[in-house]
Amino acid sequence: MWTLEEKEVIERAIQANTPDPRPCPFCGKRAGHILADGFVFLSTARKPNAAEGKSTSLPSVALICRKCGTTTLINAVVLGLQALLPGTTVKQSDIS
């Protein structure tokens with residue numbers, strides 16, 4: 001689960017990259033969004049092979065439309081959220 005500080009960092013990063021939020025691409029409303037509680041990791045592989053278990057992923061944050069539930073993924077690295085990714089050591093000063 002996101003801490004309050006992490007949610008604030010994520011929301012600021014989203015606002016910095018999309019200062020004028022667009023309407024939902026599905027319902028067309030500007031009802032706002034809900035931030036999903038955790039990263040979404042989209043697996044990438046040149047030749048997917050579950051047996052090998054070798055793949056990379058695109059860490060993303062998920063925004064869910066408050067009106068219709070459409071989910072939009074935004075790349076966490078592009079948002080500058082590397083310090084929040086699992087396996088990184090984050091000091092409180094890094095996210096404040």
Side-chain angles (χ1 to χ4, degrees):
M1 295 181 70
W2 299 122
T3 65
L4 181 58
E5 294 82 13
E6 289 169 334
K7 283 182 182 179
E8 290 172 358
V9 167
I10 294 166
E11 290 289 347
R12 281 195 307 267
I14 292 167
Q15 290 172 3
N17 286 283
T18 57
D20 179 26
R22 308 285 189 260
C24 172
F26 190 75
C27 71
K29 303 295 181 190
R30 291 182 189 258
H33 65 267
I34 300 164
L35 176 64
D37 200 22
F39 287 109
V40 174
F41 292 91
L42 297 173
S43 179
T44 62
R46 184 166 171 85
K47 294 182 182 180
N49 184 346
E52 289 182 26
K54 294 179 182 176
S55 68
T56 57
S57 65
L58 301 173
S60 304
V61 294
L63 302 179
I64 305 162
C65 175
R66 290 183 184 275
K67 173 74 175 163
C68 72
T70 294
T71 303
T72 302
L73 300 176
I74 304 174
N75 187 286
V77 174
V78 173
L79 289 176
L81 300 173
Q82 295 91 322
L84 297 179
L85 292 172
T88 59
T89 304
V90 181
K91 296 179 266 180
Q92 187 63 33
S93 61
D94 291 341
I95 62 171
S96 297

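Just the heavy atoms: all of them, side chains too, but no hydrogens, waters or symmetry mates, feed the values below.
- Contact of the L63 side chain with the L35 side chain is registered, since non-hydrogen atoms from C-beta on lie closer than 4.5 Å.
- In this structure, E6 CD and L81 CG are separated by 10.0 Å, a value rounded to the nearest 0.5 Å.
- Here N17 contributes atom CG and I74 contributes atom CD1; the two are 8.0 Å apart, rounded to the nearest 0.5 Å.
- For the ring-ring contact (aromatic ring centres under 6.0 Å, His included) condition, no pair includes a residue of residues 6-32, sequence neighbours left out.
- Every side chain to side chain contact (heavy atoms under 4.5 Å, CB included) that L73 has, sequence neighbours left out, goes to V40, L42, S60, A62, T71.
- Between F39 and S57, the closest side-chain pair of non-hydrogen atoms is not below 4.5 Å.
- Two different hydrophobic clusters hold L58 and L85 under the rule that ILVMFWY side chains link at heavy-atom gaps under 4.5 Å.
- For E11, the side chain to side chain donor-acceptor pair (under 3.5 Å) partners at least two apart in sequence or on another chain are H33.
- Heavy atoms only, all atoms of each residue included: P23 and G28 are closest at CB-O, 3.4 Å.
- Nearest heavy-atom pair across A36 and W2 is O-NE1, 2.8 Å.
- Results of the side-chain contact (heavy atoms from CB on, under 4.5 Å) test with L79 over I14, V9, T18 single out I14 as the only residue that passes.
- Nearest approach of R66 to A31, heavy atoms of both residues: CD-O, 3.2 Å.
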